[in-house]
Amino acid sequence: MKTARPWQLGIKDMLIMSGSRQRTHLKRPIWIIVLVSLVSICLIGAYIYPTRGSAACYIFSSRDCSIYEQPIRVPTRELTDEETAAQVVIREILKTPPVHPKNPKIAFMFLTPGSLPFEKLWDKFFHGHEDRFTVYVHASSEKPAHVSRYFIGRDIRSEKVIWGKISMVDAEKRLLGHALEDPDNQHFVLLSDSCVPLHNFDYVYNYLMFTNISFIDCFQDPGPHGNGRYSDHMMPEVEIKDFRKGAQWFSMKRQHAIIVMADSLYYTKFKHYCRPGLDGKNCYADEHYLPTFFHMIDPTGIANWSVTHVDWSEGKWHPKAYRAQDISYELLRNITSIDMSYHVTSDAKKDESTLFLERSEAAMLFIREEILPGNFE
């Protein structure tokens, strides 16, 4: 609207003023149009061929934005041979531009002890989108009895999973390994048997595909259930200042999934020195390995929050359980409207310092924990 008024005044002046005046007023809107055109061309070019910089990737948040080169962290000590090798491999993977297939898909990876109680609901969620997803099921205790055609034949080789042990991380990596075999899989979502979607498929697909980050929960907990679990045996590769915590339910892009599969050094540290009962501490690798790992190798490449809603407000060892009587339109509306991600630490000081707001753009795509299946049938 601001350009319209000068243009109208210029036409009026042309009718009443001299020739020299007419040329003066004509140049102004023409230069504005030329300037706007040039800016538009630059913006379109930057979107199609984004520069290798974090600012450009943040502004043009499309999957066509290449991974920018991470600044090399200056080590404060001499690195071991294993650390040097690991950092070279990770840096090269991050520098490699992602390959965009014609038919990008999301890999939905279910970590479950047996049958999936919400398989019928997931069937409705997947219906009509057969070419945009793949399903993988890791059943650690018994072979699932599937009722949906999308799950039949999708079980992978599974091993026993013990809560709190490294076997939980092993199962996650096993799922990632199978999902990475399909080159069309570009985003990888880890789900439990009690997870259900909060939005339709198109919403979830667009939200995950058109982003440049992985949704990995990550925060620093100075309390006994955070840094209190750290073991000095992790030195020198993992220092306490880098030790992080987070929920295990992640959603990560392909490059990060490849890095997880390539890692041996940091995984081994957590395998041996983050386990229940070590030195009188109870460290759980599934809560600390990935948050710490990505905080160290690509802190700007993760969101620091998960897209799976888990309610820890009751302060227990397990999140809040939603029963049939709890499920209502209002509950689901409240969860889907969440736009902030909070982290509560285990610090003994129960004041404002124990509550952290990570960012104001959080979005919940899934919800987890003990929802009665019959309520959704």
Working note: H233 + D279, criterion side chain to side chain contact (heavy atoms under 4.5 Å, CB included); need CA distance, chi angles, decisive distance, verdict. CA-CA 10 Å; H233 295 297; D279 297 334; 3.5 Å; yes
Within 6.0 Å of NZ in K165, more than 12 heavy atoms from elsewhere: no
Value for CD1 (I166) from NZ (K173), rounded to nearest 0.5 Å, stands at 8.0 Å
Between the side chain of Y230 and the main-chain N/O of V238, is any donor-acceptor distance below 3.5 Å? yes
Rounded at 0.5 Å granularity, tell me how far CG in L79 sits from OG1 in T84. 4.5 Å
Working note: D123 + S148, criterion side chain to side chain donor-acceptor pair (under 3.5 Å); need CA distance, chi angles, decisive distance, verdict. CA-CA 6 Å; D123 184 272; S148 168; 2.6 Å; yes
Does any part of the side chain of E172, heavy atoms only, come nearer than 4.5 Å to the side chain of L175, both counted from C-beta? no
Side chain Q255, main chain I93, donor-acceptor under 3.5 Å: yes
Have Y150 and E130 got a donor and an acceptor in their side chains that come within less than 3.5 Å? yes
Are the side chain of S158 and the backbone N or O of I156 linked by a donor-acceptor pair below 3.5 Å? yes
Is it the case that the side chain of S214 and the backbone of I216 share a donor-acceptor pair, with hydrogens and angles ignored and the cut-off at 3.5 Å? no
Can a side-chain donor-acceptor contact be found between H187 and R254 if the only test is distance below 3.5 angstrom? no
How long is the span from the CD1 atom in I259 to the CG atom in D298, to the nearest 0.5 Å? 6.5 Å
Side chains of P276 and Y284 in contact at under 4.5 Å (non-hydrogen atoms): yes
Are any non-hydrogen side-chain atoms of Q186 and K253 less than 4.5 angstrom apart? no
Does W249 reach the main-chain N or O of A247 with its side chain, forming a donor-acceptor pair under 3.5 Å? no
Would you sort out whether F243 and H288 count as a ring-ring contact (aromatic ring centres under 6.0 Å, His included), showing the intermediate values? CA-CA 7 Å; F243 197 65; H288 295 281; 4.6 Å; yes
Heavy-atom distance under 4.5 Å between the side chains of L191 and L111, does that happen here? no
Determine the minimum heavy-atom distance between P144 and S115, stating which atoms define it. CA-OG, 3.5 Å
Taking all heavy atoms of M109 and all of A179, pick out the closest pair and write down the distance. SD-CB, 4.1 Å
Is it the case that the ring center of W305 lies less than 6.0 angstrom away from the ring center of F219? no
Find out whether Y267 and F293 are in side-chain contact, i.e. whether some heavy atom of one side chain is under 4.5 Å from a heavy atom of the other. no
Evaluate H256 against L94 for side chain to side chain contact (heavy atoms under 4.5 Å, CB included), listing each step before the verdict. CA-CA 8 Å; H256 281 165; L94 289 175; 4.2 Å; yes
Which pair of heavy atoms, one from G164 and one from D286, lies closest together, and at what distance? CA-OD1, 4.1 Å
With no hydrogens and no angle check, is any side-chain donor or acceptor of K245 less than 3.5 Å from a backbone partner on C218? no
Verify side chain to side chain contact (heavy atoms under 4.5 Å, CB included) between V260 and F250, making sure each step is shown before the conclusion. CA-CA 12 Å; V260 171; F250 61 76; over 6 Å; no
Between S140 and E159 the two heavy atoms that sit nearest each other are CB-O, 3.4 Å
Does the ring center of H138 lie less than 6.0 Å from the ring center of F110? no
Is it true that V147 and I152 fall in one hydrophobic cluster, defined by side-chain heavy atoms closer than 4.5 Å? no
Are the side chain of W122 and the backbone of P197 linked by a donor-acceptor contact shorter than 3.5 Å? no
Test your reading of the model: is there a side-chain donor-acceptor pair from E83 to the backbone of T80, 3.5 Å cut-off? yes
Salt bridge (charged side-chain N to carboxylate O under 4.0 Å, His left out) between R132 and D202: does it pass, once the steps are laid out? CA-CA 10 Å; R132 296 198 289 170; D202 285 328; 2.4 Å; yes
Working to the nearest 0.5 Å, report the span between CD1 of I162 and CG of D170. 11.0 Å
Derivation and outcome, side chain to side chain donor-acceptor pair (under 3.5 Å), residues H146 and D155: CA-CA 10 Å; H146 296 300; D155 300 328; 2.8 Å; yes
Taking atom types as modelled and ignoring hydrogens, do the side chains of Y136 and N185 form a donor-acceptor contact shorter than 3.5 angstrom? yes
Is there a donor-acceptor contact under 3.5 Å linking the side chains of H225 and N282? no
Check against side chain to side chain contact (heavy atoms under 4.5 Å, CB included), S251 and L190: CA-CA 6 Å; S251 176; L190 181 67; over 6 Å; no
Qualifying side-chain hydrogen bond (donor to acceptor under 3.5 Å, both in side chains) pairs with a residue from residues 268-278, counting only residues at least two apart or across chains: E237-K269
E142 and A139 have their tightest heavy-atom pair at O-CB, 3.4 Å
Within the 4.5 Å heavy-atom criterion, are L198 and Y203 side-chain neighbours or not? no
If you take all heavy atoms of T292 and D242, which pair is closest and at what distance? CG2-O, 3.3 Å
Validation row: I106, L208 side chains within 4.5 angstrom (heavy atoms): yes
With distance as the sole test, does K105 use its side chain to make a donor-acceptor pair with the main-chain N or O of D131 at under 3.5 Å? no
Reported CG-to-CG distance for the pair N103 and D182, which is rounded to 0.5 angstrom: 9.0 Å
Apply the test ring-ring contact (aromatic ring centres under 6.0 Å, His included) to residues F126 and F133: give CA-CA distance (whole Å), side-chain angles for both, the deciding distance (0.1 Å), then the verdict. CA-CA 8 Å; F126 291 136; F133 73 91; 4.2 Å; yes
Between the side chain of T96 and the main-chain N/O of E92, is any donor-acceptor distance below 3.5 Å? yes
Is the closest side-chain heavy-atom distance between K120 and F125 below 4.5 Å? no
Are Y289 and L278 connected, step by step, through hydrophobic side chains (Ile, Leu, Val, Met, Phe, Trp, Tyr) whose heavy atoms are closer than 4.5 Å? yes
Output the distance between atom CG (D193) and atom CG (L116), rounded to the nearest 0.5 Å. 6.5 Å
